[in-house]
Amino acid sequence: MKPTDLVHLHRAARLTDALTVAVGALFTLALFLAVRSPRRLTFARPDLPLAVVTTLGLLTVLLSGLSVIRRLTRHRLWLASAWTGAVLLTGTGLVWYAQVSDVSRTMTRGTPVTSDTATRAYLQRHMPVGTPTLTVPTGVFIQALRFTDANDVDVSGYVWQRYADSLPADLQRGVVLPEADESYEPHKVYDFHRDGEQIIGWYFHVTVRQVFDYQTYPLDQQDVWLRLWHPDFRQRAVLVPDLRAYPPWQPRAAYGLDANFVPGNWTVRSTAFSYDTPPYSANFGQSRQYREEPFPELYFNMHVAREFVSPLFGRIIPLGFVALLIFASLFVTTQQSRRLPLTGFDGLTVVELAAAMVLVLTVDHNTARQETGSHGISYIDYIYFCLYFMIIAVVWNALLLSRGPRLAVVEWRDNLAPKLLYWPVLAFLLLTVTAATFLTRGG
């Protein structure tokens, strides 16, 4: 090859590097502007085109950094390892950010109703045929909400009802919370008559037990609801939301909450009234023979999202330190005889260190599973699985290095390859489980 051809090849290579870096910089700038814009990122939702574009963009940023590495010097290899790990971890962080900041979702049980027209339309479709419709407007005002464990929630506030004079005089007054425990004992705080109707209000402090979905813990969002029944089964009065007591209801509004509302480690994204018609396997003794007649039930829903700060400091950061300790254990074994007196470690010592870290991870992992009470696998479980895998890989590497068999990839530059691959492999595993958890489901 002529010298002039080599010059042209070097110029073409430098031009390719410059273009790759420029494309990566433009993508990074566009992503930064999208994050800072008022319109939130929504690629935590199952949107395949956006996920593909984001993946290609991250690959471009990765290649733009790796393209300048041409000679396999030790310094540049470490730079490539750090850059690859940083880009992959950035992808995981972007999915986290999108999941935490996504306000486009709403969570309600059944069919939400935001107007009297929608309420009447739903009741016309779902009321049992031939049942007289006795409607009792009911409102809810929540003052505090606290998760006591994985399935129990403490809720306190006020509930009120308006009984028109046209309703039967013997119609019972009150509200039943069928999912409440024995602590439910409403206290009447007011009862007066105005404009042709009786208005009654109660204060309540109750613990309700519900089933929540913790598959995306610690980035999960939940629907906490109050299931409301009328106590008069004989006349079968139906509860309707007292929407006149609230501002015009918006789909993602949070009405019916105290200005000093205390949600604990949660943020309320929205509230909504809704209806559901769950099937009953009994008729409560109201007729001689069982007939399946679903009856509309009123729900007051609170869509809450977990505050990420608490699990970040309680779970994620400690796991990061464990990952650092696992990485540090790669440096305590060596094949160079002059360094053995300095380290004093061999493969069996690394096994003992790994056993200690597995014990720490197992205890912390069990605590996390008890916190969610989940019978399935949560997102946090996959993070622990990734660290378990890295511990096994580090132990296997230490045994190969100290006990054999002799492998070129292990002996190359005194075990440099496993050290270079540690963070890229761990970051790739984290990005994979993150994308599988959040990009393939509704969050």
Identify the two heavy atoms, one from [X] and one from [Y], that lie closest to each other, and give their separation to 0.1 Å.
X: Gln161; Y: Val175; answer: NE2-CG2, 3.2 Å
X: Gly174; Y: Pro231; answer: O-CD, 3.1 Å
X: Trp96; Y: Leu219; answer: CD1-CD1, 3.4 Å
X: Asp223; Y: His303; answer: OD1-N, 4.5 Å
X: Ala323; Y: Tyr422; answer: O-OH, 2.7 Å
X: Leu298; Y: Val240; answer: CD2-C, 4.0 Å

Under 3.5 Å donor-acceptor, [X] side chain and [Y] backbone:
X: Tyr214; Y: Ala150; result: yes
X: Ser81; Y: Leu421; result: no
X: His126; Y: Gln124; result: no
X: Asn366; Y: Thr362; result: yes
X: Thr108; Y: Pro112; result: no

About how many Å separate [atom2] of [Y] and [atom1] of [X], when rounded to the nearest 0.5 Å?
X: Leu353; Y: Leu325; atom1: CG; atom2: CG; result: 7.5 Å
X: Leu171; Y: Asp232; atom1: CG; atom2: CG; result: 5.0 Å
X: Phe438; Y: Thr92; atom1: CZ; atom2: OG1; result: 10.0 Å
X: Ile391; Y: Ile326; atom1: CD1; atom2: CD1; result: 4.0 Å
X: Met127; Y: Thr277; atom1: CE; atom2: OG1; result: 11.5 Å
X: Asp149; Y: Asp154; atom1: CG; atom2: CG; result: 9.5 Å

Is the closest side-chain heavy-atom distance between [X] and [Y] below 4.5 Å?
X: Arg269; Y: Arg252; answer: no
X: Lys419; Y: Trp78; answer: yes
X: Leu243; Y: Trp249; answer: yes
X: Gln221; Y: Arg306; answer: no
X: Tyr203; Y: His205; answer: yes
X: Thr372; Y: Asp220; answer: no
X: Leu257; Y: Phe141; answer: no
X: Val153; Y: Arg146; answer: no

Check your understanding: Any salt bridge between Asp276 and Arg227, counting N to O under 4.0 Å?
Key ->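 Arg227 and Asp276: not salt-bridged.
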Exercise for review: Before accepting this row, confirm whether a basic side-chain N of the pair Arg369/Asp381 lies closer than 4.0 Å to the acidic partner's carboxylate O.
Suggested key: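 Yes, charged N to carboxylate O under 4.0 Å.
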Exercise for review: Step by step, work out the side chain to side chain contact (heavy atoms under 4.5 Å, CB included) result for Val238 and His230.
Suggested key: CA-CA 7 Å; Val238 60; His230 193 274; over 6 Å; no
Practice item. Identify which one of Phe273, Tyr246, Trp225 satisfies the ring pair (Phe, Tyr, Trp, His ring centres under 6.0 Å) criterion when paired with Phe300. Key: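 When ring pair (Phe, Tyr, Trp, His ring centres under 6.0 Å) is applied between Phe300 and each of Phe273, Tyr246, Trp225, only Phe273 qualifies.
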Are [X] and [Y] close enough that a side-chain donor and a side-chain acceptor fall under 3.5 Å?
X: Thr267; Y: Glu307; value: yes
X: Tyr217; Y: Glu371; value: yes
X: Thr434; Y: Tyr379; value: yes
X: Ser274; Y: Asn301; value: yes
X: Glu297; Y: Tyr299; value: yes
X: Thr138; Y: Asp242; value: no
X: Gln222; Y: Asp213; value: no

Exercise for review: Would you please name every residue forming a side chain to side chain donor-acceptor pair (under 3.5 Å) with Gln250, sequence neighbours left out?
Suggested key: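 Applying side chain to side chain donor-acceptor pair (under 3.5 Å) to Gln250 gives none.
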Exercise for review: Measure the acute angle between the ring planes of Phe327 and Phe331, then classify it against the limits of 30° and 60° as parallel, tilted or perpendicular.
Suggested key: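 Geometry flag for Phe331 against Phe327: perpendicular rings.
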Practice item. Assess whether side chain to side chain contact (heavy atoms under 4.5 Å, CB included) is satisfied between Leu145 and Met302, documenting all intermediate values. Key: CA-CA 10 Å; Leu145 179 148; Met302 291 169 284; 3.7 Å; yes
Check your understanding: How about Phe428: does its CZ atom have over 12 heavy atoms from other parts shown lying under 6.0 Å from it?
Key ->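 No - once you tally the heavy atoms of other residues, nucleotides and ligands closer than 6.0 Å, there are 12 at most.
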Check your understanding: Just wondering, are more than 12 heavy atoms of other shown residues or ligands nearer than 6.0 Å to CZ in Phe389?
Key ->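 12 or below, so no.
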Exercise for review: Could you please spell out the steps behind the side-chain hydrogen bond (donor to acceptor under 3.5 Å, both in side chains) verdict for Asn151 and Gln210?
Suggested key: CA-CA 5 Å; Asn151 297 105; Gln210 298 170 356; over 6 Å; no
Review point. Within 45° of the ring axis of Tyr163 and under 6.0 Å from its six-membered ring centre, is that where the NZ or CZ of Arg173 lies?
Key: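 Ring-cation test returns yes.
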Practice item. Using side chain to side chain contact (heavy atoms under 4.5 Å, CB included) as the criterion, point out the one residue from Trp160, Trp202, Tyr158 that pairs with Val189. Key: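 One option only clears the test, and that one is Tyr158.
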Exercise for review: Give the intermediate values and the outcome of side chain to side chain contact (heavy atoms under 4.5 Å, CB included) for residues Tyr190 and Ile199.
Suggested key: CA-CA 8 Å; Tyr190 56 85; Ile199 304 173; 4.0 Å; yes
Point to revise | CA sep, side-chain torsions, deciding dist, call: Leu319, Leu361, side chain to side chain contact (heavy atoms under 4.5 Å, CB included) | key: CA-CA 8 Å; Leu319 292 181; Leu361 281 177; 3.6 Å; yes
Review point. Strictly under 6.0 Å, is that where the ring centroids of Tyr384 and His365 end up?
Key: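 Yes.
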Practice item. Test salt bridge (charged side-chain N to carboxylate O under 4.0 Å, His left out) on Glu179 and Arg209 and set out the steps. Key: CA-CA 6 Å; Glu179 294 176 341; Arg209 186 167 183 83; over 6 Å; no
